[in-house]
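Let me begin by presenting the structure, written as structure tokens, before commenting on it.
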Amino acid sequence: MLIQIKNLTKTYQRHDGAINAVDNLSLDIPKGSFVTITGASGSGKTTLLLMLGGLLRPTSGKMVYNGNEINLHKEEELANFRSNHVGFVMQSFALIPYLTAVENIMIALNVKNSDKAKNRKGALELLEWVGLDDRTTHYPKELSAGQQQRVAIARALANNPDLLLADEPTGNLDPGLSEEILGVLKEINQNHNTTIVMVTHSPMAAEYGNTKIQMKNGKLHTHVSNVIAEQIN
Amino acid sequence: MRLTDLTLKELWHRKSQLVSGLLAITLGIGVIVGIRSFSVVSEKAVAVNLDNLGANILVLPQSSSVDNYYAADIDASTFPEDYVEKLVTSTIPGVDNISPKLTRRIKVGNENIVLTGILPKSEIASKPIWQRGGIQGQQAAASCAPSGPQKYADAKLQRKGIDTLANNDCFIGSGIASRLKLKEGSKLTIMDKEFTVAKLLPETGTVDDDRVFANLHTVQALLGTGEQISAIEIMGCCSAISEGLLGKLRNVLPDTRITTIGQIVSTQIENNKLMSKISLVFLIIIVFVGGISIGNYIWGNVNERRKEIGILRMIGYHKQYIYYILVLKALLMGLVGGIAGYILGTLSAMWLGPQFSGIAVNPIYMYFFYSIVVAILISIIGSLIPAYLAGKIEPFSNMQED
């Protein structure tokens, strides 16, 4: 099991009282699975994703990644966890505007390795893999939305993560481009055995997952897993 | 792509902001360099003026006054000549020339004259009487140059001694020469001792016209005073006077009256002090305002880059790297601002100095180094709080939609 979540709770203090964005949630995510999380706005799906990525600390509960209880990690250990194990794909692409496509990927590679030439080579290979080898020196504003998301995916893969977390990756894309990006994610999941957890509003996108979770008021509402069935088939 | 590259690209990306940030540093440093360049040259000018005035400190017996000294009315009071030795051995910094004198009013025939004993080598040749008389000896190196980091070859104080004045020779003022019908080579008998007139001094319109200058030790023997003198003229360094030279001299010679000559000199010293204070006030203001400006600029930059900082944190950069890119940015701005400020300040001083005060201002190259150091320090200090706060930006800041 890649991730084991036990009684995870995240409570936000607001002026009108405390609110549990994630409420006593338990979940196991096997390695190589493609988990999609759906739910209404405010159901806690993004909060869960943030905690999975070590971007947000839970208020209580336990989250174990490959046997390590990451909720006990210090801040800089969490940064190491993110750079070593997690890739992120965001709805807004989260690219740095004054860096070219290749530089946006190199900056992620630089976290672990400061060899500039080696990083450039690795970044170019990733851009080629996502089909943007002719856009390496383009700035984000010179790329289409789909191309920007491909750069973001390439950056997420830069450090060979075991876990790829995607927050509404097709939220800013038209249906055609959405399918294209989802296809890339599916390929990553199947060819690289990378575990993917994707938050989405789109029922169509949710169908790409082999484990489908629906959240409501911070709790698991439905949990349908095809992982075992797929493995049997 | 390293974080240094990222910093440089970000600086270039936000050029207009960079210009406004740099302008604040450049103007601040420029003002400081301009004022300091001007005041250093002003100090040099004061030092030269001081030298032109000759001695600027008088040591008199306790019962005498400066008026007595100028009127040569100091017949009665004396003090021991070994006071000169006390001054020499005290090695007080800023005492550049010590010239002892013994003066008496005496009669030669029916004429009143002022007999003054001097030590020729100790005389300050820049006194008008010696300059106009054409009596100049070897040039002496001045021990005090104007304060400041630069050496001014043209500011060396022109202090010269009179080469020789033999025991039987004397220099005589024009009034005496006229009244006693003396010329160079004439014999003059004073108190039964015969002197040869070695030099006729030009008319000065002062009491010097009625003086006969002879060797101090000869005069002492003649007057029977023993090793006594009636005054010591001292040339003190401008900066040393302003830093309390008189007090130090009074400590060495507590039973004398020690005073400065020349209201102009003290005014110039006060001006210099004022200039230094203004520089200091400006420096403090600029450090504060500059630091706050840079801090404000970097904080604005941090706010604009919240999403970007969130991205860097998200992909695994530690807080220290966020501090690094912001402090590096401040450092680079300080470096460029310091260089530009030095150039601006120096050129301004070089252009404005001659126009406003007739003083030629030369570049002070040491200030180039100081400008960079001060600008970088101001920038880095100003960036510390914004950088610290930037480190607190949550790595999920980019998760929110635009």
Side-chain angles (χ1 to χ4, degrees), chain A residues 46-47 49-51 53-57 74-100 102-117 119-120 122-123 139 152 155-156 158-159 161 165 167-168 171-172 199, chain B residues 1-21 297-298 300-326 328-329 332-333 387-402:
Chain A
T46 296
T47 302
L49 196 79
L50 293 174
M51 289 192 287
L55 296 169
L56 191 64
R57 288 176 184 281
K74 291 176 182 168
E75 193 174 339
E76 301 310 330
E77 290 171 332
L78 283 176
N80 292 338
F81 164 71
R82 292 194 295 272
S83 63
N84 288 323
H85 301 289
V86 190
F88 295 90
V89 180
M90 302 294 160
Q91 180 179 359
S92 58
F93 319 130
L95 297 175
I96 296 175
Y98 51 85
L99 299 184
T100 62
V102 72
E103 288 167 345
N104 262 290
I105 300 167
M106 285 171 71
I107 202 73
L109 289 163
N110 185 65
V111 182
K112 291 173 70 175
N113 185 349
S114 59
D115 185 334
K116 209 167 167 180
N119 288 345
R120 174 168 285 278
Y139 288 93
R155 184 187 60 194
N159 292 315
L165 300 175
D167 184 33
E168 300 276 9
N172 281 345
V199 166
Chain B
M1 176 57 52
R2 294 177 184 152
L3 290 179
T4 307
D5 303 320
L6 181 107
T7 306
L8 292 171
K9 290 207 79 164
E10 195 274 333
L11 273 169
W12 189 245
H13 176 67
R14 297 186 170 99
K15 287 187 282 287
S16 56
Q17 288 180 12
L18 174 66
V19 169
S20 64
Y297 167 78
I298 298 284
N301 187 247
V302 165
N303 276 324
E304 196 173 354
R305 299 171 71 184
R306 291 187 80 82
K307 187 173 171 181
E308 179 192 322
I309 291 167
I311 293 169
L312 293 173
R313 297 282 286 135
M314 179 186 78
I315 60 181
Y317 279 99
H318 292 197
K319 276 182 183 177
Q320 287 83 344
Y321 293 111
I322 306 302
Y323 302 153
Y324 174 82
I325 57 174
L326 292 168
L328 177 64
K329 176 172 181 166
L332 291 171
M333 289 180 67
Y388 172 75
L389 295 174
K392 290 190 168 299
I393 291 175
E394 297 288 358
F396 52 85
S397 301
N398 55 81
M399 300 290 276
Q400 285 88 39
E401 262 302 83
D402 289 324

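Everything numeric in this text was worked out from a predicted model, so none of it was measured. Labels below follow one simple rule: chain letters A, B, ... track the order of the sequence lines, proteins then strands, and each chain is numbered from 1.
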Next on the checklist: Are the side chains of B:I315 and A:R82 in contact, using a 4.5 Å heavy-atom criterion?
Outcome noted: no

Checklist entry - Which region of A:R155, side chain (C-beta onward) or backbone (N, CA, C, O), has a non-hydrogen atom less than 4.5 Å from a non-hydrogen atom of chain B, or is it both or neither? => result side chain

Item to check | Residues, nucleotides or ligands: over 12 heavy atoms within 6.0 Å of A:K74 NZ | outcome: no

Next on the checklist: Are the side chains of B:M314 and A:M90 in contact, using a 4.5 Å heavy-atom criterion?
Outcome noted: yes

Checklist outcome for this item: Comparing B:Q320, B:R305, B:R14, B:H13 against chain A, the one with the most heavy-atom pairs below 4.5 Å turns out to be B:H13

Item to check | side chain to side chain donor-acceptor pair (under 3.5 Å) partners for A:Y139, two or more places apart | outcome: B:K9

Next on the checklist: At a 4.5 Å cut-off on heavy atoms, which part of A:E75 comes close to chain B: side chain, backbone, both, or neither?
Outcome noted: side chain

Item to check | Approximate separation, where rounding is to 0.5 Å, of B:E394 CD and A:L55 CG | outcome: 9.0 Å

Checklist entry - Yes or no on side-chain contact (heavy atoms from CB on, under 4.5 Å) for A:N110 and B:Y317, after CA distance, side-chain angles and deciding distance? => result CA-CA 9 Å; A:N110 185 65; B:Y317 279 99; 3.2 Å; yes

Checklist outcome for this item: Taking every heavy atom of B:G316 against every heavy atom of A:S83, the minimum-distance pair comes out as CA-CB, 3.8 Å

Item to check | A:R120 atom CZ, over 12 foreign heavy atoms within 6.0 Å | outcome: no

Item to check | Engaged part of B:R313 at the chain A interface, taking heavy atoms whose separation is under 4.5 Å | outcome: both

Checklist entry - Which residue pairs pass the salt bridge (charged side-chain N to carboxylate O under 4.0 Å, His left out) test when at least one of the two sits in residues 106-116 of chain A, sequence neighbours left out? => result A:K116-B:D5

Item to check | Stepwise side-chain contact (heavy atoms from CB on, under 4.5 Å) test for A:I96 and B:L6 | outcome: CA-CA 10 Å; A:I96 296 175; B:L6 181 107; 4.2 Å; yes

Checklist entry - Is it the backbone or the side chain of A:I105 that comes under 4.5 Å from a heavy atom of chain B, or both, or neither? => result neither

Next on the checklist: Just verifying a value: how many Å separate A:Y98 OH and B:E308 CD, rounded to the nearest 0.5 Å?
Outcome noted: 3.0 Å

Checklist entry - Out of curiosity, B:L3 CG to A:S114 OG, how far, rounded to the nearest 0.5 Å? => result 10.0 Å

Checklist entry - What residue in A:I107, A:L109, A:N80, A:L99 has the most heavy-atom pairs under 4.5 Å with chain B? => result A:I107

Item to check | Test item: A:V111 and B:L312 side chains (from C-beta on) under 4.5 Å apart, heavy atoms | outcome: no

Checklist entry - Does B:K319 pair with A:E76 as a salt bridge, N-O distance under 4.0 Å? => result no

